[in-house]
Amino acid sequence: MKRRKSTKMEDVEMDMTPMIDVVFNLIIFFMLVTQMVTIERAELELPRADNAQEEEVEDKNQFIVNIHEKPDEEGRWIETSLGKHTWAELSQLLYEEAQAKFNENEDVSDRQVLIRADIKTPYRMVQRVMIECSKQKIYKVSFATKIQSDE
Amino acid sequence: MAVSRSLENLANEQADMDMTPMIDVTFLLLIFFMCTLHFKVLEGILQAHLPKDQGMQNTSAERDPEEPITVKILQSSRNVTVVWVGSEQFEGPRKYSRLFNKIRSIVQASPNSNPPVVIDPDIDVPFQDIVSTLNACRKVDESRPGKKPLQVKFAAKALEELENE
């Protein structure tokens with residue numbers, strides 16, 4: 001009599017352990033993903049271009065430079081995965097990037113910089129980034145755009 | 001008897017922890033992270049090239065065999081963007097589709113039908129107009145499948161001037 005009662009109780013109570021495992025894994029996954037996405041790509045209003053190529057999945061050869069619409073309080077326009085930068089810092093970063101690629105014996109023409117600029121960023125700033133790129137012998141640039149969708 | 005059974009129950013309940021609050025909290029966290037996560041929206045990219053030999057374009061060995069199409073993008077005093085190709089001026093809301101037609105007709109008329117496009121924007125032009133111009137070039141590529149894509153470059157002169165500022 002007593003034994004039957006206990007099995008009945010176990011049946012009623014679900015085993016929560018696997019579910020908690022899964023949920024925790026999901027939480028950790030989302031936490032990491034949210035951080036990684038925000039690191040490389042600043043929040044900008046990208047310009048529209050309906051004929052742009054669709055981006056391929058993560059190009060490792062690519063260095064991302066974000067240019068904001070306005071400078072911050074300290075006059076910095078540029079943001080990369082390492083934070084906000086002054087022009088001198090950007091120059092240094094691109095130099096390091098170019099050097100790293102050079103050491104890996106990669107083809108120079110493979111070097112590429114992805115410029116993500118805001119819709120209202122004046123060309124002056126984009127130009128300055130391009131000058132820094134060409135100084136480091138990076139001649140390929142691409143611009144991130146918003147693909148117009150169902151509007 | 002009744003008392004002893006309730007005591008037994010109590011002992012049972014204490015043995016396994018009550019998971020409900022923890023699950024509530026974890027689910028809330030999960031939902032929070034899912035909502036705040038902006039899914040990585042795939043972005044479009046437009047390729048362009050920078051001039052390789054600043055200031056030495058005429059002496060360069062790999063000078064382009066064809067006359068480049070120079071697209072000037074200027075900002076007028078009323079913050080209106082005007083696009084110039086040669087002596088032709090494009091203005092107004094439909095300027096980029098007209099620019100596309102113009103570039104396409106030049107490309108079709110040129111001998112190898114692959115002249116480079118040189119973009120020469122004014123320093124105050126908003127970024128959208130540069131992208132729209134690049135987009136027009138890309139549209140030309142799409143309108144003639146099988147052909148080599150147009151080489152889009154930025155004007156070297158403009159890059160140099162700024163450096164001397």
Side-chain angles (χ1 to χ4, degrees), chain A residues 6 9 13 16-17 19-20 23-24 26-27 29-31 33-34 36-38 41 43 46-57 59 67 69 112 114-128 130-131 133-135 137-149, chain B residues 9 12 16-17 19-20 22-23 26-27 29-30 32-52 54 73 75 100 121-132 134-143 153-156 158-163 165:
Chain A
S6 79
M9 267 185 82
E13 208 170 298
M16 290 293 185
T17 328
M19 190 179 82
I20 292 167
V23 169
F24 265 119
L26 279 174
I27 286 183
F29 167 76
F30 280 117
M31 276 168 77
V33 166
T34 35
M36 270 194 280
V37 169
T38 47
R41 289 159 196 254
E43 243 178 88
L46 294 175
R48 284 180 312 274
D50 29 9
N51 290 80
Q53 266 171 280
E54 255 183 58
E55 185 185 33
E56 284 158 35
V57 189
D59 188 354
I67 314 172
E69 179 194 346
Q112 191 172 343
L114 173 66
I115 298 178
R116 293 179 83 248
D118 194 274
I119 197 164
K120 289 191 204 104
T121 308
Y123 178 61
R124 205 173 341 135
M125 295 305 150
V126 182
Q127 201 177 31
R128 240 174 127 162
M130 295 199 297
I131 291 172
C133 290
S134 71
K135 271 189 199 160
K137 299 195 165 50
I138 300 169
Y139 297 118
K140 256 164 104 184
V141 289
S142 48
F143 300 100
T145 65
K146 191 162 71 186
I147 303 173
Q148 232 157 9
S149 57
Chain B
N9 273 352
N12 260 348
D16 52 326
M17 244 194 307
M19 290 292 187
T20 327
M22 191 178 83
I23 292 167
T26 26
F27 265 117
L29 276 174
L30 185 65
F32 168 76
F33 279 117
M34 276 169 76
C35 292
T36 51
L37 175 81
H38 14 207
F39 283 101
K40 205 185 125 198
V41 189
L42 270 189
E43 291 167 358
I45 51 168
L46 288 166
Q47 298 272 359
H49 295 264
L50 301 180
K52 279 198 179 159
Q54 289 186 33
I73 312 172
Q75 183 91 325
F100 156 70
D122 206 12
I123 53 166
D124 289 320
V125 173
F127 188 55
Q128 172 70 66
D129 291 288
I130 292 140
V131 164
S132 298
L134 281 168
N135 191 50
C137 298
R138 173 89 187 129
K139 214 164 144 190
V140 174
D141 288 340
E142 274 177 16
S143 72
K153 288 181 179 172
F154 280 88
L159 291 187
E160 257 185 11
E161 271 172 11
L162 195 93
E163 211 169 341
E165 254 179 29

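All chains are named by letter (A, B, ...) in the order of the sequence lines, taking the proteins before the strands, and each is independently numbered beginning at 1. Every heavy atom of this structure was used, including side-chain atoms; hydrogens, water molecules and symmetry mates were not.
Using a 4.5 Å cut-off between heavy atoms, B/Asp129 does not touch chain A at all. In this structure, chain B has a heavy atom under 4.5 Å from the side chain of A/Val126, while its backbone stays farther away. With a 4.5 Å cut-off on non-hydrogen atoms, B/Glu142 touches chain A through its side chain but not through its backbone. For chain B, the nearby part of A/Phe24 is the side chain; its heavy atoms alone come within less than 4.5 Å. Residue A/Ile119 touches chain B through both its backbone and its side chain, counting heavy-atom pairs closer than 4.5 Å. If you measure heavy-atom distances from A/Met125 to chain B, you find no contacts under 4.5 Å at all. Using a 4.5 Å cut-off between heavy atoms, A/Leu114 touches chain B through its side chain atoms alone.
Partners of B/Phe127 under the ring-ring contact (aromatic ring centres under 6.0 Å, His included) rule, at least two apart in sequence or in another chain, are A/Phe143. In this structure, A/Gln53 has no side chain to side chain donor-acceptor pair (under 3.5 Å) partners at least two apart in sequence or on a different chain.
Shown here for A/Ala52 and B/Arg138, the closest heavy-atom pair between the two residues is C-NE, 4.4 Å. Pairing each heavy atom of A/Asp50 with each of B/Asn135, the nearest pair is OD1-ND2, 3.1 Å.
Taking 4.5 Å as the limit, some side-chain heavy atom of B/Gln128 sits within range of a side-chain heavy atom of A/Arg48.
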